[in-house]
Amino acid sequence: TTVNLPSIVLVDEVIQRQVQFRLVNHMPNSLWLNGLQGQGIEPLSPWLQTGDSAWQEEGWLSDWTVWQPWRISQAGFWQVEAQDIWVFNPRTWQVTHIQLPAHSGWAIPLWLWRSVQAFLLLVFLLFSYLFIQWSRCWLKRRHYRQAIERCADAAQLYHLMVQMWQLKPDIPLAHQALPLPIYQSLVELENQLFSSEVLYNEMFEQIKARLALQYRCYSC
């Protein structure tokens, strides 16, 4: 059995494959396997191995675990070739062929990996900043719209517009609000406020509804 092996690694990183054997009525002091062969790898030795034997109904069972480590020696494509293992069965006097499959992947230098991490971090920080700015703008405009909806008459709406758009109450809105996107609504509001009509009427409701629909024009 083999453990899951990575396909993308760093140069000089050590990878190991774990192989498990179960031997019946055979208790060796150690196991010998052929050396690893491949491209862009450096086999490491000695291999670590552990064994344990126990008596069961079918006889003595010897369980062995072998770790085969190797180091990635260069950037780019690397591959560990398939490994042939020949096992002699003393019961049948036959030799069984086992082949551990090949494994390949790609290796990248550490500096390149750090550069990718730094780039991803910058992208994350940029998106976080944009999300925070968008959230603040959304909350600010939502508060602006709610304040408009709470106005009970033209006087309250006028003072709200002066405060929120940082206008001067002693200067007519028609003179100072010309660059604003809601200029026409402000002029109509000012005309109603200084006319002889009541502060709460159908015109006020129309101006109020129009300003509420134009809440996205409010600067963040």
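Residues satisfying the salt bridge (Lys or Arg N to Asp or Glu O under 4.0 Å) criterion with Glu81, sequence neighbours excluded, are absent altogether.
For CD1 of Ile8, the number of neighbouring non-hydrogen atoms (other residues, nucleotides, ligands) closer than 6.0 Å is 12 at most. More than 12 non-hydrogen atoms from other residues, nucleotides or ligands lie less than 6.0 angstrom from NE2 of His97. Surrounding CE of Met203 are at most 12 heavy atoms belonging to other residues, nucleotides or ligands under 6.0 Å away.
In this structure the side chain of Val162 reaches within 4.5 angstrom of the side chain of Tyr158, judged on heavy atoms. Side-chain contact between Pro6 and Ile15 is present, with at least one heavy-atom pair separated by less than 4.5 Å. Counting heavy atoms from C-beta on, the side chains of Ile108 and Val11 never come closer than 4.5 Å. Looking only at side-chain heavy atoms (C-beta outward), Val19 and Thr65 stay at 4.5 Å or farther from each other. Put simply, the side chain of Met161 reaches to within 4.5 Å of the side chain of Ile182, judged on heavy atoms. The shortest distance between side-chain heavy atoms of Phe119 and Val123 falls below 4.5 Å.
You'll find the ring centres of His103 and Trp78 inside the 6.0 Å limit. Between Tyr218 and Tyr144, a ring centre-to-centre spacing shorter than 6.0 Å is recorded.
In terms of modelled atom types and a separation under 3.5 Å, the side chain of Gln176 and the main chain of Leu167 share no donor-acceptor contact. Between the side chain of Glu205 and the backbone N or O of Glu202, no donor-acceptor pair lies under 3.5 Å. Side-chain atoms of Arg141 come within 3.5 Å of backbone atoms of Arg216 as a donor-acceptor pair (strictly under, hydrogens ignored).
Applying the disulfide (SG to SG under 2.5 Å) test to residues at least two apart or on different chains, the pairs with a partner in residues 134-207 are Cys137-Cys220.
In the hydrophobic clustering (ILVMFWY side chains linked at under 4.5 Å, chained through shared members), Trp106 is joined by Phe77.
Using a 3.5 Å distance cut-off with no hydrogens or angles, the side chains of Gln83 and Arg17 do pair a donor with an acceptor.
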